[in-house]
Amino acid sequence: MRILLLFVLFTLFISGCTKLGPDFTGIANKPPLPKEWQKDQNVSDAELCEWWKEFHDETLNLLIEKAYTENLDLKSAGLRILQARAALGISEALIYPQVQTLSGNLASSYKGAHNINSAGLNFDIGWEIDFWGKYARGIEASEANLYLSVASYRSILTTLIAEVARNYINYRTAQQRIIYAKRNIAIQERVAKMTEVQFNSGNVSELDMQQARTQLYNTRAVLPGIELSRLKSRNALAVLLAIPNHKLEKLLNEKKESNEKYFSFNRDVIQLSGIETFFNAAVIPIATFNPYKKIDASLLKRRPDLQVAEFQSHIASAKIGQNETLLYPSFSLFGNIGYNTNDFGGSWVSTGDAIGVSVGPAFSWNIFQYSRIKNQIRIVDATFEQSMFNYNKTLLNAIRDVDDSLNGYILTNRQLQENEKALKANLRAFNLSAIQYNNGLVTYQRLLSTVEKLTTIQDAYAQLKGLTSLNAILLYKALGGGWQISEGNAYISQETKEHIQKRGVDWGKYLDDNMTRFPKRLNNVK
C-alpha cells in the first residue's frame, strides 16, 4: 500500500510539470505593417467602433440595430460559443478519473435439479494520469477553440454590419437613379411630343422626331434594370434583418420624395425650374470620414478574421503535444469494490467472500505503432505550419483591403467632385439650349444632345455617390470596426434561451446571464 501511495504522489507531481509539444508563442515571421497610412490626425476609436453613424442616416442606424438583434447567422454564431464552452467543460473533466462506473447484475438459472442464483454490484474507477500533458493540451486546444468561436462571432458581426450598410447604399443609389431616370423620362416625353408637333408643322425632319423617340425609349428601357437592382438590395436587407420584404419596404420609405416641380413647361420649351431643386434629389448618405487622417496600421491586429486565424494556429500547436503523448506509455490507477455471489441453494444473499476490493497501478504502451503515431504527429505539425502561413496571408489581405478601400475612397471622391461640376454645367447648358432653341438660335440636334448628356451624367453622378459611400464602408470594415458594440452584451438572446430551456435539457449554469455575456477575459482577446 505504501508503494501504491508513493506512485500516486509521484504521478500527480509529474503530471503537473510535464507537457509535451511546443508552447504556442504567436505567429512567426509576420509581414511588416505599412507606414504610409500615417497622415495628420488619428482615427478615433469611437469613429471606428460605430462607424456607420458617420453617415448621419437614422434609417441606416435603425437597420444595423435590428440586424444585430435579429440576424440568423449571428444567432448561430452565439450558439457556437455555447457549444465551445460545453466542449471546454468536457476537456476540463478529463483531468479527473475518466472511468467511474457503477454496474450490477442479477440472474437465476436452472441446471438439473439445482437452482443457481448469481448477483453482483460493482463500482469501478479508472484514472489515466496526465503524465505527459495529453489532457492539459486538450484543455489548451478547447480554450483556444472557445476564443476562436468568440472571434468568429465578432468576424460575422463585422461583416454583417458592413453588408447591411452596403446593401442600404445600393438601395438608395438605385432609388436616386430611378428618381433621375423618371425626371429625364418626363423631360424626354415632352421633347418627343415637341418634335412630333414640329414634324407635323414641317419645321423638322422625321429623323429629328425618331431620334427624340429613340432617346426616350432608351431611357425607359434602363428603368426596369435599376428597379431590379433596388429590389435585390431590399431583399438582401430583408434576409440580413430576418424580416418580411413588405415591412422592410415600409421602413425604408417612411420619408418619401416631395412632389415639387423640378421643371416647367413654357409653350413648346422645357425649362428647369431651378438647378438646386433638380440637383438635390439626394437620398444617398455620404460618410464624413476624412481620408487624410492618420490610420494606425496596428488597428489591423484587432480584425476578428486575424484573431480567428491566430486561434486556429494555437489549436494546431496544442494538438502536436496531444499526439506526441501517444509515443510514450500511459499510466493509470484503477480500483474496484464489488459484491459478487453465486449461490446453489436458492438464496439471493450470500456472505463470506462475496465482497471484494482491488486497487493498483497500470500502464499501456503502443510499442508497435510508432510509425503510425509519428506520421500523425507530422500531419498536425504540417497543419500548424500551414495555419501560420494562413495567418500571414490573412494579414496581407487585410493590408490590401485597407489600401484599396482608402485609395478608392480618395480617388472616387475626386471623381465625384468633377462629375458634380459637369452635372451643374450640363443643367445650365440644358436650360440655355432650351431657351436658344425656342428663339431659333440653335438646331434641334443641339437640344437633343444636351438632353442625352443630362441623362448620362446624372446617372453617373448617382452611381459615383454610391461608390464613394461603398468605399468608405469597405475601409471601415477593413480596419475591423463594428464588432465592439457586442462587448458586455449577451451572445444569446433571452428568446433563444427560453426556447432551449423548453426542451428540458439541463444546461446548468451555461445559460445564466453571467455565462451568456462576453466576460472580461474574452473581451481581452484582441
Side-chain angles (χ1 to χ4, degrees), residues 50-68 70-71 159-185 219 222-260 262 276-289 405 408-409 412-413 415-417 419-420 423 454-477 481-482:
E50 295 183 306
W51 55 260
W52 53 93
K53 292 185 177 178
E54 296 296 316
F55 286 89
H56 304 288
D57 189 295
E58 291 302 321
T59 302
L60 176 58
N61 295 343
L62 181 59
L63 292 177
I64 288 175
E65 181 181 336
K66 286 183 175 293
Y68 177 49
E70 301 299 330
N71 180 261
T159 301
L160 170 64
I161 292 171
E163 280 299 291
V164 170
R166 185 181 68 84
N167 281 286
Y168 178 72
I169 294 299
N170 285 337
Y171 182 90
R172 293 302 188 204
T173 301
Q175 259 191 339
Q176 184 156 336
R177 291 179 69 195
I178 289 170
I179 290 171
Y180 284 157
K182 286 182 176 179
R183 291 182 174 183
N184 285 310
I185 287 171
T219 306
V222 170
L223 195 56
I226 304 174
E227 178 64 19
L228 179 60
S229 177
R230 183 188 73 85
L231 292 174
K232 284 184 175 181
S233 297
R234 181 204 65 184
N235 294 342
L237 283 170
V239 172
L240 293 171
L241 274 65
I243 61 176
N245 291 342
H246 66 276
K247 289 186 177 179
L248 180 61
E249 189 81 44
K250 183 179 178 181
L251 179 64
L252 289 170
N253 296 294
E254 286 181 342
K255 295 180 180 179
K256 294 185 178 180
E257 180 201 4
S258 65
N259 292 321
E260 63 179 323
Y262 44 86
E276 294 304 321
T277 304
F278 195 97
F279 183 65
N280 289 332
V283 291
I284 306 172
I286 298 289
T288 56
F289 176 75
S405 54
Y409 185 80
T412 309
N413 245 320
Q415 194 176 3
L416 179 63
Q417 291 170 10
N419 185 269
E420 185 175 324
L423 179 55
L454 177 64
T455 303
T456 302
I457 294 175
Q458 277 184 330
D459 191 63
Y461 174 73
Q463 292 187 66
L464 280 171
K465 282 188 73 175
L467 187 57
T468 301
S469 292
L470 290 176
N471 277 308
I473 291 169
L474 290 174
L475 178 57
Y476 285 123
K477 179 187 176 184

**OP:** Over all heavy atoms of both residues, which pair between Ile64 and Ile161 is shortest? Give the atoms and the distance, please.
**Re:** CD1-CG2, 3.8 Å

Original post:
Taking C-beta and beyond as the side chain, do Leu241 and Glu70 meet within less than 4.5 Å on heavy atoms?
Top reply: no

**OP:** Assess whether side-chain contact (heavy atoms from CB on, under 4.5 Å) is satisfied between Leu475 and Trp51, documenting all intermediate values.
**Re:** CA-CA 10 Å; Leu475 178 57; Trp51 55 260; over 6 Å; no

Original post:
Atom CG in Leu464, atom OG in Ser469: separation rounded to 0.5 Å?
Top reply: 11.0 Å

Subject >> Leu248 side chain near Leu63 side chain, heavy-atom distance below 4.5 Å >> reply: yes

Subject >> Check: Thr173 and Lys465 side chains under 4.5 Å, non-hydrogen atoms >> reply: no

Original post:
Just checking, is any N or O donor in the side chain of Asn184 or Thr219 under 3.5 Å from an acceptor N or O on the other one?
Top reply: no

Original post:
Should Tyr409 and Thr468 count as side-chain neighbours, where that means a heavy-atom distance under 4.5 Å?
Top reply: yes

**OP:** Would you check if there is a donor-acceptor pair between the side chains of Asn253 and Gln175 at a distance under 3.5 Å?
**Re:** yes

Subject >> Residue list, side chain to side chain contact (heavy atoms under 4.5 Å, CB included) with Asp459, at least two apart or on another chain >> reply: Arg177, Ile226, Gln463

**OP:** Could you list the residues that satisfy side chain to side chain contact (heavy atoms under 4.5 Å, CB included) with Glu227, not counting sequence neighbours?
**Re:** Ile178, Arg230, Leu231

**OP:** Taking the side chain as every heavy atom from C-beta outward, state whether Leu252 and Tyr168 have any pair of such atoms under 4.5 Å apart.
**Re:** yes

Original post:
Taking all atoms of both residues into account, what is the closest heavy-atom pair of Thr59 and Asp57, and its distance?
Top reply: N-OD1, 3.0 Å

Original post:
Has Glu249 got more than 12 heavy atoms of other residues, nucleotides or ligands less than 6.0 Å from its CD?
Top reply: yes

Original post:
Should the ring pair Tyr461 and Tyr180 be called parallel, tilted or perpendicular, given that the plane angle runs from 0 to 90° and is split at 30 and 60?
Top reply: tilted

**OP:** Grab the two heavy atoms, one from Ser233 and one from Asn170, that are nearest each other, plus how far apart they are.
**Re:** OG-CB, 3.3 Å

